[in-house]
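Notes for the one structure printed next.
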Amino acid sequence: MCHVIVTCRSMLWTILSIVVAFGELIAFMSEDWLIGKAKNGDIENRTGWPQEPYRPTLGIYGRCIKMPQGQYFRRDPLCGPYAEHFNEIASGFWQATAIFLAVGISILCIVAFVSVFTMCVQSVMKKSIFNVCGLLQGIAGLFLILGLILYPAGWGAQKVVGYCGHYASAYKLGECSLGWAFYTAIGGTVLTFICAVFSAQAEIATSSDKVQEEIEEGKNLICLL
């Protein structure tokens, strides 16, 4: 018989696991990893007044720019992938980053999906799902760290130099600044390891003596603080 067990610690672990997976996925897909140098502030629009400079953004495989239309620029940036194929990504380091992040995020998404069912199923083949998921989250965190370490090594690529100026090189931003996606990826990596550690607490909470007492009393829905 399935016993639905909900505790504060197990629920918090489940929520954090889902948030981390979605956060890392959104960051990976974003174009806001690098914010480029200001461009074309001296071009006049239809009213004859010079337009304010804008700063294009560059992601691992996507970018946001403003396309010229005559003597003025579009108000809204045009965003999309600059690389139609994997080998068209800016540099080999970014290709490696994409692989490591994709593997890590895939693991996190699987764990996030499984975490929803831990309220009803706490073990498989006598192995705690919480412990297995915690181990997977630790492995995913290592993949994310490798990806984030390799990412700045690709700042010397020709594509990046076009956005960040000639002073851009490996681990040197030049005229660019880091966007929110990079910081989100770092924060998600830290939370990934927190989730891996906290999974042990979720296991302890769902296998405590109070839970066993509730099960022996014949309750199918068990909610504990």
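Just so we're clear, the structure is a prediction, and the values are computed from it rather than from any experiment.
For residues 165-188, every residue pair satisfying the side-chain hydrogen bond (donor to acceptor under 3.5 Å, both in side chains) rule, not counting sequence neighbours, is listed here: D32-W180.
Although no hydrogens or angles enter the test, the distance criterion places no donor-acceptor pair under 3.5 Å between the side chain of S30 and the main chain of A27. The backbone N or O of I60 sits less than 3.5 Å from a side-chain atom of Y82, completing a donor-acceptor pair.
F198 and I204 are not part of a single hydrophobic cluster, where members link through side-chain heavy atoms under 4.5 Å apart.
Between L34 and F182, every side-chain heavy-atom pair lies at or beyond the 4.5 Å cut-off. Contact check for V161 versus W155: no side-chain heavy atoms found under the 4.5 Å cut-off. The shortest side-chain heavy-atom distance between S10 and T118 does not fall under the 4.5 Å cut-off. No side-chain heavy atom of I35 sits less than 4.5 Å from a side-chain heavy atom of C176. Contact annotation: the side chain of E24 approaches that of T189 to within less than 4.5 Å [non-hydrogen atoms, C-beta and beyond]. Between I145 and F193, some side-chain heavy-atom pair lies under the 4.5 Å cut-off.
Side-chain contact annotation: E31 with T57, donor-acceptor N/O pair under 3.5 Å absent. Q137 and W13 share a donor-acceptor pair across their side chains, judged by distance under 3.5 Å alone.
Atom OG of S115 is separated from atom CG of L16 by 10.0 Å, given to the nearest 0.5 angstrom. Taking SG of C195 as the reference point, atom CG of L12 lies at 8.0 Å (rounded to 0.5 Å). To the nearest 0.5 Å, the span separating CG on L135 from CD1 on I107 amounts to 9.5 Å. Expressed to the nearest 0.5 Å, how far SG of C164 lies from NZ of K37 amounts to 8.5 Å.
Between F28 and Y61, the ring-plane angle classifies as tilted under the 30° and 60° cut-offs. Between Y151 and W94, the angle of the ring planes stays under 30°, which puts this pair in the parallel group of the 30/60° scheme.
The side-chain contact (heavy atoms from CB on, under 4.5 Å) test with L101 singles out one residue from L150, L146, L144, L25, and that residue is L144.
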